[in-house]
Amino acid sequence: VAIPDLFWACPLCRELSGLSRDRRNARCSACSATFRRSRGATIVARSPDGREVARQPADWLAQLPPLDADGPLVRPRPPGSAFRAHVSVRSAHGNRPVRWRGELIGWTERFSPPQVGELTLDAERVGLAGSWSWPLEQVTVVQPTSAALQIRERGGTLVLLRFLDSALPLWEARFHTALRARYAALGIGKICEFQPRILTE
Amino acid sequence: MREGLELRFWRSAPMALWRLIGSFESSGAEHIPHSGAFLLLSNHQSVLDPFFIQAACPRALHPMTKSTQFASPGMRWLLPHFNAFPVRRYQIDPQAVRVVLRRLAAGNAVHIYSEGERSWDGRPQEPRPGTVRVALKAGVPVVPCSISGAYDAWPRWSRGVRRAHVRVTFGEPLHFARLDRRAEREAHRLDATKQIIDAIAKGLDSA
């Protein structure tokens, strides 16, 4: 995890795909600003002219383009012009019991090795290029975990999506908006919860 | 693991390490029941939260922990030694609810991060509906716990620990009636959610 997992755009120039990882820091390819963690959770931005600005993450986040459902960053796209992201994907193939002193205390997942690919999300489907594609109405959950997003197909596989060139909050918002719109279009209902499973009012 | 040994470990080893780089204080321990079951609901700022909260709490906590933490054999062996049990957050997990109720029935203290995930920006989030439903199903005292400063120590988007002043505050227990019927729980859920939000916010304001 690093600053690009938090910021979906450059807080200075607001370029969406500008930020990239620079070890633990971030650099904007559009305006050449750099971002590093300073004291506590403070993030310091250094612009190309050498000026430095220190702010708390919540204050920087307020500078970013908003994740409005009707806004261009999030609004569902028609098939053929899907949102795309470079992702590392792990699939759960079964569960393993967790026992303590003979008592079953729960379950944990058996995950496949990570597979890198291109995720696509449009107004109707989500898929991994060359691997799987699910209709949105078959997605049963959108659950963020650390720096990844868990989604699951109805009666099927759980996948863990780690976004390699984009921020998790942006993609969580895209999934939420696309699912809400799809449910509305199909007349399934208004989604009120995304975890631990999608529920409608 | 015996409660005394476990508490001694949580209080000594992680806190001794932490005091090399940061400071820590807690308040409200008088609100923790001396005996009997209770549910501790807290906000979630950092992966360090369990260490600080257990260090501040005079009772051994049984933390509900995301299932992926148990994926490696080492963690699967280690975490249950500290009373942790897994929850699958991507589906209704009846086994996790059973374990919560079983441990409460045995008079233990169960700790749930009511927000379900760490905050990205340090600000508190709304409790997950499932957490509130469990609280209403259990019908035990709910102790609100507010942690601040842990975000400065190790936020979700960073890999490193930094110096910070961490504060844990326990609030006065909330008392919800045990509601066995789902319809009753749903009818009371929003009111209970508001009470939990307010109680955790009060602790953060006092920090």
Trainee: Is it true that A:E109 and B:R88 make a salt bridge, defined as a side-chain N closer than 4.0 Å to a carboxylate O?
Mentor: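 Salt bridge: no.
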Trainee: Out of curiosity, A:D5 CG to B:W157 CH2, how far, rounded to the nearest 0.5 Å?
Mentor: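 One finds 11.0 Å between CG of A:D5 and CH2 of B:W157.
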Trainee: Looking at B:Q69 and A:T108, would you say the former's side chain and the latter's main chain have a donor-acceptor pair under 3.5 Å?
Mentor: no
Trainee: Please determine whether side-chain hydrogen bond (donor to acceptor under 3.5 Å, both in side chains) holds for the pair B:R89 and A:Q195, giving the CA-CA distance in whole Å, both sets of side-chain angles, and the decisive distance to 0.1 Å.
Mentor: CA-CA 7 Å; B:R89 297 180 300 171; A:Q195 314 101 350; over 6 Å; no
Trainee: Count the heavy atoms of every other residue, nucleotide or ligand shown that sit under 6.0 Å from NE2 of B:H188, and state whether that count exceeds 12.
Mentor: no
Trainee: Are more than 12 heavy atoms, taken from residues, nucleotides or ligands other than A:D70, located less than 6.0 Å from that residue's CG atom?
Mentor: no
Trainee: Cut-off 3.5 Å, side chains only: do A:Q56 and B:Y151 have a donor facing an acceptor?
Mentor: no
Trainee: Under a 3.5 Å distance rule, please check whether A:R37 uses its side chain to pair with a backbone N or O of B:G160 as donor and acceptor.
Mentor: yes
Trainee: Roughly how far apart are B:S158 OG and A:I3 CD1, rounded to 0.5 Å?
Mentor: 7.5 Å
Trainee: Looking at A:I198, A:L160, A:T145, A:L61, which makes the most heavy-atom pairs under 4.5 Å with chain B?
Mentor: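 Going by pairs under 4.5 Å, I would pick A:T145.
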Trainee: Who among B:F70, B:W154, B:Y90 has the most heavy-atom pairs with chain A under 4.5 Å?
Mentor: B:Y90
Trainee: Quick one: pull up CZ in B:R162 and OG in A:S38 and give me the separation to the nearest 0.5 Å.
Mentor: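 Between atom CZ of B:R162 and atom OG of A:S38 there are 7.0 Å.
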Trainee: Is chain B contacted by the side chain of A:D59, its backbone, both, or neither, given a heavy-atom distance below 4.5 Å?
Mentor: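 No part of A:D59 comes within 4.5 Å of chain B.
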Trainee: Find the distance between CZ (B:F85) and CH2 (A:W100) and round it off to the nearest 0.5 Å.
Mentor: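 So the gap between those two atoms works out to 14.5 Å.
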Trainee: Quick one: of A:T140, A:V142, A:L6, A:I151, who has the most non-hydrogen atom pairs under 4.5 Å with chain B?
Mentor: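 Among A:T140, A:V142, A:L6, A:I151, the one with the most close pairs to chain B is A:L6.
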Trainee: Give the C-alpha distance, both sets of side-chain angles, the deciding distance and a yes or no for side-chain contact (heavy atoms from CB on, under 4.5 Å) between B:W120 and A:L168.
Mentor: CA-CA 10 Å; B:W120 279 107; A:L168 176 57; 3.6 Å; yes
Trainee: Sort A:V141 into side chain, backbone, both or neither according to what part of it lies under 4.5 angstrom from a heavy atom of chain B.
Mentor: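 Just its side chain gets close to chain B.
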Trainee: Which atoms of A:L149 come close to chain B, meaning under 4.5 Å heavy atom to heavy atom: side chain ones, backbone ones, both, or neither?
Mentor: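 Nothing of A:L149, per the 4.5 Å heavy-atom cut-off to chain B.
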Trainee: To the nearest 0.5 Å, tell me how far B:R103 CZ sits from A:I105 CD1.
Mentor: 5.5 Å
Trainee: Ignoring hydrogens and geometry, is there a side-chain-to-backbone donor-acceptor pair from B:R163 to A:G40 under 3.5 Å?
Mentor: no
Trainee: At a heavy-atom separation under 4.5 Å, does A:L158 approach chain B through its side chain, its backbone, both, or neither?
Mentor: side chain
Trainee: Apply side-chain contact (heavy atoms from CB on, under 4.5 Å) to B:T68 and A:Q150, showing your working.
Mentor: CA-CA 11 Å; B:T68 47; A:Q150 294 175 327; 3.9 Å; yes
Trainee: Sub-3.5 Å donor-acceptor pair from the side chain of B:R76 to the main-chain atoms of A:R99, do we have one?
Mentor: no
Trainee: Using non-hydrogen atoms and a 4.5 Å limit, figure out which bit of A:F7 sits close to chain B: side chain, backbone, both or neither.
Mentor: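 For A:F7, no heavy atom lies under 4.5 Å from chain B.
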Trainee: At a heavy-atom separation under 4.5 Å, does B:A96 approach chain A through its side chain, its backbone, both, or neither?
Mentor: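 No part of it gets close to chain A.
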Trainee: When only pairs under 4.5 Å are counted, which of B:K66, B:R128, B:H165, B:R98 shares the most heavy-atom pairs with chain A?
Mentor: B:R128
Trainee: Pick whichever of A:R197, A:R110, A:R96 has the most heavy-atom pairs under 4.5 Å with chain B.
Mentor: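 So the answer, after comparing A:R197, A:R110, A:R96, is A:R96.
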Trainee: How many angstroms lie between CD1 in B:I92 and CG in A:L199, if you round to the nearest 0.5 Å?
Mentor: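 Rounded to the nearest 0.5 Å, the CD1-CG separation comes to 6.5 Å.
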Trainee: So B:E117 and A:S146, side-chain contact (heavy atoms from CB on, under 4.5 Å) or not? Walk me through it.
Mentor: CA-CA 8 Å; B:E117 61 171 317; A:S146 294; over 6 Å; no
